[in-house]
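Below: one structure, written as structure tokens.
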Amino acid sequence: MPSLRIDGLRTVNQGGQDATLFDPFSDAISLTMDVTASADLLALNMASFTAYFQIFDPRLHTVVVNHVWGSTFNWGQWFWISAGNNWGPPSAYETASRWGLNWSANSIFGFRGMIKASYIPPAPPGSGWSAVDAFDVSPFRWFRLKEVFSL
Amino acid sequence: MEHEPGNESSMTPDERDKGSDEHEPAVPEGLEDHPDLRKPPIRAGRRERPEKED
């Protein structure tokens with residue numbers, strides 16, 4: 001049976017470290033998912049996935065970032081995907097500020113990943129994208145922002 | 001770690017990607033860095049098979 005699984009989440013800073021404390025103005029936060037897809041999923045015609053990089057504000061109990069990205073399975077069964085620049089230059093880092101987070105009332109946020117698979121059935125001709133019973137929702141990966149603010 | 005996501009080069013998706021951003025409208029001039037409008041860059045790459053699988 002086709003399956004698609006998020007094995008883990010990481011919040012990676014500009015040093016390549018899986019960090020949990022970030023300066024909101026200067027530290028990069030690259031949201032990273034480690035994913036496993038089954039071989040029979042990859043064997044489907046035009047097998048593809050859609051991934052959601054979400055940041056959750058527990059004070060508001062709201063998803064405040066929902067970045068969506070889709071692709072075919074170009075990297076085999078075991079791969080990672082990341083959202084956000086952590087390679088530089090520093091002016092291009094995906095900081096908490098640039099992610100659009102508001103840490104004035106709450107400085108702890110959760111990164112959650114969701115992923116789902118689709119394919120195009122070979123018959124009948126002209127079929128469009130169809131959902132596959134292969135998806136996953138990760139637990140939260142919590143991280144904190146330093147309580148520093150601009151004037 | 002076998003890799004450092006975001007630090008690998010030439011691992012971006014190829015043109016076969018059906019990317020959800022395909023039909024996004026152009027970002028107005030001067031608003032490229034607005035959090036609601038800009039799109040964080042995506043990277044991806046292979047990783048080794050985990051040692052223990054369910």
Side-chain angles (χ1 to χ4, degrees), chain A residues 3 5 7-18 28-36 38 46 48-53 64-65 67-88 91-102 118 120 129, chain B:
Chain A
S3 68
R5 187 176 69 223
D7 290 330
L9 298 182
R10 286 170 284 143
T11 44
V12 185
N13 66 16
Q14 63 272 20
Q17 299 154 327
D18 187 14
I29 306 175
S30 182
L31 306 176
T32 304
M33 295 186 216
D34 290 319
V35 179
T36 295
S38 63
M46 289 295 293
S48 303
F49 66 87
T50 303
Y52 300 80
F53 299 84
V64 293
V65 171
H67 186 52
V68 186
W69 187 67
S71 173
T72 47
F73 289 95
N74 301 330
W75 307 277
Q77 280 186 259
W78 299 278
F79 62 97
W80 56 267
I81 51 178
S82 70
N85 181 323
N86 71 335
W87 56 90
S91 60
Y93 285 159
E94 218 72 44
T95 62
S97 174
R98 191 164 276 158
W99 275 112
L101 302 184
N102 181 340
S118 305
I120 297 180
W129 292 100
Chain B
M1 297 292 289
E2 295 297 325
H3 58 265
E4 294 180 355
N7 288 330
E8 296 188 26
S9 59
S10 68
M11 298 294 270
T12 53
D14 63 25
E15 66 237 12
R16 291 179 299 160
D17 297 349
K18 65 187 174 83
S20 60
D21 296 347
E22 282 180 355
H23 304 295
E24 290 293 324
V27 176
E29 191 174 343
L31 292 177
E32 294 87 350
D33 205 37
H34 191 288
D36 292 338
L37 297 177
R38 66 186 306 281
K39 295 293 184 182
I42 296 283
R43 282 189 170 183
R46 292 180 186 272
R47 65 189 182 100
E48 291 196 353
R49 179 179 186 165
E51 288 186 4
K52 289 186 178 180
E53 293 236 283
D54 292 336

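Sequence lines set the chain letters: A, B, ... in the order given, protein chains first and strands last, and positions in each chain run from 1. Note: hydrogens, waters and symmetry copies are ignored here, and every other heavy atom, side chains too, is used.
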request  = Could you list the residues that satisfy side-chain hydrogen bond (donor to acceptor under 3.5 Å, both in side chains) with A:Tyr93, not counting sequence neighbours?
outcome  = none

query = Which pair of heavy atoms, one from A:Trp75 and one from B:Gly45, lies closest together, and at what distance?
reply = CD1-CA, 3.8 Å

request  = Say whether, by atom type as modelled, one donor and one acceptor occur between the side chain of B:Arg47 and the main chain of A:Val35 under 3.5 angstrom.
outcome  = yes

note = To the nearest 0.5 Å, atom OG1 of A:Thr32 lies from atom CZ of B:Arg43 at 11.0 Å

ask   = Can you name the closest pair of heavy atoms from B:Glu48 and A:Trp78 and give their distance?
value = O-CB, 4.1 Å

query = Listed by chain and number, what are the side-chain hydrogen bond (donor to acceptor under 3.5 Å, both in side chains) partners of A:Asn85, not counting sequence neighbours?
reply = none

Minimum heavy-atom distance between A:Ala83 and B:Pro40, given as atom pair plus value = C-CB, 4.5 Å

